[in-house]
There are 2 protein chains.
Amino acid sequence: MVYSASASVDHFPGASHQAKLTLEIVFGSRVLEFCHAGHSVFWEGDVASDAFMIGEGLLRLYRILPDGRRAITGFAFPGDVLGLAFHDRYLYTAEAVTDVRLRRFPRRRLHALATDCPYLHHDILRVIAGELEAAQEQMVLLGQKSAEERVASFLLMNARRVGKGQAVPISFDLPMTRLDMADYLGLTIETVCRAVTKLKQAGLVSMEGRHKVFLHNPAELSRFAGLDDFELAHPPWPKPALPPVETDPIETGEPGRGGFHQ
Amino acid sequence: MVYSASASVDHFPGASHQAKLTLEIVFGSRVLEFCHAGHSVFWEGDVASDAFMIGEGLLRLYRILPDGRRAITGFAFPGDVLGLAFHDRYLYTAEAVTDVRLRRFPRRRLHALATDCPYLHHDILRVIAGELEAAQEQMVLLGQKSAEERVASFLLMNARRVGKGQAVPISFDLPMTRLDMADYLGLTIETVCRAVTKLKQAGLVSMEGRHKVFLHNPAELSRFAGLDDFELAHPPWPKPALPPVETDPIETGEPGRGGFHQ
DNA sequence: AGGCTCGTGTTACAAAATGTTACAGATCGA
DNA sequence: TCGATCTGTAACATTTTGTAACACGAGCCT
């Protein structure tokens with residue numbers, strides 16, 4: 001599935017206590033492998049033998065329904081780590097959108113190392129927490145947002161990768177196709193196009209070719225996307241607690257909106 | 001936010017190597033706390049100090065968008081553990097649908113214990129992998145499935161909790177309201193009602209009151225839900241690998257559907 | 001270079017699904 | 001029992017999709 005430049009080298013024998021291992025260090029010990037655009041790194045249902053760290057390029061992560069519908073559950077960018085939180089088998093297929101360079105590490109051994117190294121353990125949790133946060137965000141998007149809000153959110157999500165401090169207009173590439181965007185956002189290709197057109201007509205966005213995007217008013221776009229503000233659209237942390245935090249240990253919770261009384 | 005029956009007792013001092021700790025054991029050392037229906041265990045944005053294991057009852061887990069829309073990202077049932085994979089703050093509000101009994105354990109200390117105990121470490125990963133799998137499943141549901149498919153999937157998801165081997169008709173309770181179901185499935189109350197009505201008219205489902213469900217033809221319902229079969233609808237594992245697994249280390253990946261050539 | 005062709009992207013309009021609104025019936029707790 | 005809340009149904013409005021036609025751009029061939 002992936003072309004290996006050479007045999008793997010292993011710098012972490014046995015289970016000795018490693019002082020300050022991190023994912024960066026652990027994966028850094030492994031050879032770079034290559035995967036060409038359109039080819040898969042692994043398939044949904046495969047035994048999840050390895051975890052992967054992306055070095056360069058873009059992966060689409062997807063599942064296929066029995067009748068052929070495709071759901072893209074995420075994209076993997078450089079620096080992302082895949083496969084830490086799986087059961088025995090991969091939950092999705094990972095396919096290269098562009099040519100990809102990545103490194104692999106045996107999943108079980110990675111967790112064995114983590115048992116001996118608090119740094120690595122913490123690093124793994126950080127990655128998994130990120131995955132879960134992304135999944136939550138996506139559930140909100142898919143369940144509650146309109147087509148245009150989804151597209152706006154998607155653009156902002158990608159803008160975030162290029163750094164927040166960047167001057168307006170914020171520009172970046174979208175290497176994936178419109179079909180990828182549609183399958184990720186739970187829309188059709190046409191609806192994605194229409195939404196992009198509206199955002200362009202509103203002067204919030206412009207494009208150069210099909211994959212280069214400019215955001216001319218991130219703040220307004222954020223409001224449009226159902227987010228409070230561009231800066232808050234993503235970590236460090238979205239927004240402060242909704243109501244004041246209750247610290248009283250005795251029976252202080254408020255009934256929520258639409259509180260349930262049975 | 002939660003009523004504590006008494007002060008907590010701690011059976012796990014220091015960082016000594018504990019041979020066979022599990023989540024069950026660790027949480028079992030803590031007192032039962034209570035949270036009444038309609039009240040919250042914690043709020044989105046709170047500092048995530050504790051993890052929780054549900055003893056009895058049902059929680060709804062949700063986030064609120066700036067304009068007031070509510071997205072339920074999941075429900076927590078007895079035996080479920082919450083809060084293992086968070087960053088510093090809770091990603092969602094956890095609110096009791098029914099009266100709930102649960103136990104808490106400091107999150108950081110839980111992970112510290114896991115560093116010394118492979119059993120516990122494995123147990124934590126198992127839980128997190130389950131969370132992520134549920135999130136993936138939900139993303140597919142919200143992004144790709146029709147209203148009726150979503151409701152059918154939801155019923156099957158709940159049916160699974162009562163055990164697979166049960167005789168037809170499979171019966172179980174749905175303690176949550178229609179609004180909860182709607183906010184979980186990305187629909188309105190009315191659409192949920194319409195879908196339930198259609199399933200009843202098709203003879204696949206019947207109800208007794210609003211919260212008791214009977215599934216008369218789980219296999220057919222599964223097909224209807226966009227799943228292969230009821231038994232395969234959920235773990236042990238959904239379905240076999242899509243194509244035969246590739247083991248050749250040299251450049252063997254097949255271009256996927258809609259392969260991208262740039 | 002010119003011109004073809006194929007995959008991809010865009011737009012318009014009709015069709016379907018879902019959301020809204022309104023109201024009647026059912027359920028549950030006080 | 002009552003009242004409040006939740007649920008179910010129907011008519012209508014809106015959003016999204018399906019279909020189809022056409023535009024664009026990269027690569028290929030001559």
Side-chain angles (χ1 to χ4, degrees), chain A residues 37-38 60 67-70 97-98 141-152 173-183 185-201 205-213 224 226 255-262, chain B residues 36-38 60 67-71 97-99 141-152 173-201 205-213 224 226 255-262:
Chain A
R60 62 172 77 88
D67 66 354
R69 282 173 284 186
R70 182 182 72 159
V97 174
T98 64
L141 181 148
L142 292 170
Q144 304 298 326
K145 293 187 181 179
S146 70
E148 289 179 46
E149 288 174 327
R150 294 185 203 191
V151 171
D173 270 314
L174 288 181
M176 66 288 286
T177 67
R178 291 290 190 270
L179 181 59
D180 288 331
M181 289 174 53
D183 285 351
L185 299 175
L187 302 169
T188 60
I189 245 187
E190 296 88 341
T191 304
V192 171
C193 283
R194 284 184 282 248
V196 170
T197 299
K198 279 202 181 177
L199 294 176
K200 283 196 283 193
Q201 287 171 347
V205 170
S206 66
M207 302 197 65
E208 200 175 281
R210 281 157 175 159
H211 295 290
K212 180 93 175 171
V213 182
F224 190 76
R257 185 201 122 192
F260 182 67
H261 305 285
Q262 180 160 289
Chain B
H36 289 108
R60 62 172 78 90
D67 65 354
R69 281 173 285 185
R70 182 182 71 159
V97 174
T98 65
D99 288 349
L141 181 147
L142 293 170
Q144 305 297 326
K145 293 188 181 180
S146 70
E148 289 179 45
E149 288 173 326
R150 294 185 205 192
V151 172
D173 270 314
L174 288 180
M176 67 288 285
T177 67
R178 291 287 189 270
L179 181 59
D180 288 332
M181 289 175 51
D183 286 350
Y184 180 59
L185 298 175
L187 302 167
T188 60
I189 265 191
E190 293 84 348
T191 303
V192 171
C193 285
R194 282 188 285 243
V196 170
T197 300
K198 277 203 182 177
L199 293 175
K200 284 196 283 195
Q201 287 171 345
V205 170
S206 66
M207 302 198 66
E208 200 174 281
R210 292 188 228 265
H211 295 289
K212 180 93 175 170
V213 183
F224 190 76
R257 184 200 123 193
F260 182 66
H261 304 286
Q262 182 163 289

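Convention: sequence-line order gives letters A, B, ...; per-chain numbering from 1. Note: hydrogens, waters and symmetry copies are ignored here, and every other heavy atom, side chains too, is used.
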Handout entry: Whole angstrom value for the distance that separates P of D:dC24 from NZ of A:K212
Key = 22 Å

Handout entry: Rounded distance [0.5 Å steps], CZ in B:R150 versus CD in B:Q144
Key = 9.5 Å

Practice task
Describe the nucleic acid contact of A:T188 in one word from base, sugar-phosphate, nothing, applying a heavy-atom distance below 4.0 Å.
Solution key: sugar-phosphate

Fill in the blank from the handout: Taking for A:S146 and for B:C193 the nucleotide of DNA chain D with the nearest heavy atom, the one nearer the 5' end belongs to B:C193

Completion exercise
Rounded to whole Å, CG of A:L187 lies from C1' of D:dG18 at a distance of 14 Å

Completion exercise
Which of C:dT11, C:dG19, D:dT9 is nearest the side chain of A:E190? It is C:dT11

Exercise for the section: Take A:R194 and A:G209, find for each the nucleotide of DNA chain C with the closest heavy atom, and name the residue whose nucleotide sits nearer the 5' end. Expected result: A:G209

Practice task
Give the intermediate values and the outcome of side chain to side chain donor-acceptor pair (under 3.5 Å) for residues B:R194 and B:T191.
Solution key: CA-CA 5 Å; B:R194 282 188 285 243; B:T191 303; 3.3 Å; yes

Problem - Heavy-atom donor-acceptor pair, B:R69 side-chain to C:dG19 base, under 3.5 Å - result: no

Handout entry: OP1 or OP2 of C:dT11 under 4.0 Å from side-chain N/O of A:T197
Key = yes

Problem - Per A:T191 side chain, nearest of listed nucleotides C:dG19, D:dT16, C:dT11 - result: D:dT16

Handout entry: Between D:dG25 (P) and A:E208 (CD): distance, integer Å
Key = 12 Å

Handout entry: Options D:dA11, D:dG18, C:dG25, nucleotide nearest the side-chain atoms of B:R210
Key = C:dG25

Practice task
Provide the closest heavy-atom pair for B:D99 versus B:A37 in the form atom of the first, atom of the second, distance.
Solution key: OD1-N, 2.8 Å

Problem - Integer-rounded Å distance: C:dT20 C1' and B:I189 CD1 - result: 13 Å

Practice task
Check whether any side-chain heavy atom of B:R60 sits under 4.5 Å from a side-chain heavy atom of B:M176, and report yes or no.
Solution key: no

Exercise for the section: Measure the distance from CZ on A:R178 to P on D:dG25 and round it to the nearest whole Å. Expected result: 13 Å

Problem - Residue A:H211, side-chain heavy atoms: nucleotide from C:dT11, C:dG9, D:dT9 that is nearest - result: C:dG9

Handout entry: Proximity to the side chain of A:A147 - top-ranked nucleotide from C:dT18, D:dG8, D:dT16
Key = D:dT16

Practice task
Write down the distance between CG (B:D180) and C1' (D:dT7), rounded to a whole number of angstrom.
Solution key: 13 Å

Handout entry: Minimum-distance pair of heavy atoms, taken over all atoms of A:F224 and A:E148
Key = CZ-OE1, 3.1 Å

Practice task
Rounded to the nearest angstrom, tell me the gap between atom CE in A:M176 and atom C1' in C:dG7.
Solution key: 19 Å

Exercise for the section: For B:M207 and C:dA26, give me the distance from atom CE to atom P, rounded to whole Å. Expected result: 15 Å

